[in-house]
Amino acid sequence: MALTPKNELSREEKRAKEENAQQEALLREVDDAVRQGDAEAFLNQWGKPLLGVLLAGLAAFGGYLYWESRQEAAMERDAETLVGALDQIQAGNLDSGFDRLEGLAGEDGGGAAVAAVLMRAGIAEQRGDSAQASEMFKRVANNEDAAPALRDLARLRDVALNYDGMKSAEIVAALKPLAVPGKPYFASAGELLAHTYLDQGKKAEAGALFAQIAQDKDAPETLRSRARQMAGVLGVDAIEDVDALLEEQGVEREEAAGDNAATATE
């Protein structure tokens, strides 16, 4: 009689294994159906809102890209206008440069538009039209959207243009906020303000301001030299380091001492 191999399953074990496999397959089908049902229920409830959010995001992103491209194109156009006008001005064609800037200067806000107004004001001043130049300088000075440095420059240029016809109190009021050490136009504004103080008889204030300008290393040397001389005339020592000053001017200390001695002997 043949013996059943030990590794061969009995009929009952095979039947049990098949039933287990069928149950697992059924459970998987049920689980998949439940998951599919949950997904369908979720999409039925939230599908449209999610699609709307997605479309809105894509539209916003597309709008940003379009806006950015328009901004870049506008900046390139403005830059070309400024460069073209500058080329005309440097070539001596003031009228052509003035006309090229008209459209850009008529726009609101942007730095290019403000620069265009300042350039047109400078051209008007060169052409001798002080009234038109002053109106443009005031326009920039009163433009709250313009950069503070450009507003200060416009105010300074307007005062310099109208200096002889302004009252000293008006000049002081306009320039005092600009004539502060550290401000971009301190030296230029300070020099005008110091001369106004002299007109008012305020020699002490004028001398102190000239001394500050003379010690401002960011100011042009010609302006510092004028301020140093004016401070000396008013009895204010504006020289902090004699050796450094002589070195800047290319003069040896012994040579300067010799010159002073010769002057004293004469």
Nearest atoms (heavy-atom pairs only) where A85 meets G97: CB-O, 3.8 Å

Joint hydrophobic cluster, L198 plus V172, side-chain heavy atoms closer than 4.5 Å: no

Set of residues satisfying side-chain hydrogen bond (donor to acceptor under 3.5 Å, both in side chains) with respect to N142, sequence neighbours excluded: none

Nearest non-hydrogen partners of G190 and I213, listed with the distance: C-CD1, 3.4 Å

Inter-residue atom distance K202.NZ - L193.CG, 0.5 Å rounding: 9.0 Å

Value rounded to 0.5 Å, distance of CG in D218 from CG in L223: 12.0 Å

Minimum heavy-atom distance A154-A141, with the two atoms named: CB-N, 3.8 Å

Hphob cluster co-occupancy, Y163 + M136, side-chain heavy atoms under 4.5 angstrom: yes

From L94 atom CG to D99 atom CG, the distance as rounded to the nearest 0.5 Å: 11.0 Å

Side-chain donor-acceptor pair present, Y197, S168, cut-off under 3.5 Å: no

M119 vs F98 side-chain heavy atoms within contact, under 4.5 Å: no

Contacts of type side-chain hydrogen bond (donor to acceptor under 3.5 Å, both in side chains), residue R157, not counting sequence neighbours: E125

Pairwise ring pair (Phe, Tyr, Trp, His ring centres under 6.0 Å) hits with a residue in residues 198-226, at least two apart: H195-F210

From CD1 (I89) to CG (L101), nearest 0.5 Å: 6.0 Å

Check: S225 side chain, E221 main-chain N or O, donor-acceptor pair, under 3.5 Å: no

F137 and V159: CA distance, side-chain angles, deciding distance, side-chain contact (heavy atoms from CB on, under 4.5 Å) verdict: CA-CA 9 Å; F137 284 135; V159 172; over 6 Å; no

Under the side-chain hydrogen bond (donor to acceptor under 3.5 Å, both in side chains) test, residues paired with S134 that sit two or more places apart: K138, D158, N162

Qualifying side chain to side chain donor-acceptor pair (under 3.5 Å) pairs, either residue in residues 170-191, two or more places apart: E191-R226

Joint hydrophobic cluster, L153 plus I171, side-chain heavy atoms closer than 4.5 Å: yes

Heavy-atom pair of closest approach, residues A227 and A214: CB-N, 3.8 Å

N/O donor-acceptor pair under 3.5 Å between R151 side chain and N143 backbone: yes

Salt bridge E135-R120, side-chain N to carboxylate O under 4.0 Å: no

Residues in side chain to side chain contact (heavy atoms under 4.5 Å, CB included) contact with A189, at least two apart in sequence or another chain: L156, L175, L178, A179

Atom pair CE/CG of M166 and L192 - distance to nearest 0.5 Å: 10.0 Å

Over all atoms of both residues, closest heavy-atom pair of Q212 and P181: NE2-CG, 3.8 Å

Steps toward side-chain contact (heavy atoms from CB on, under 4.5 Å) verdict (D95, R127): CA-CA 9 Å; D95 293 341; R127 295 194 304 194; 2.7 Å; yes

Where S130 and L161 come nearest, the two heavy atoms and their spacing: O-CD2, 3.5 Å

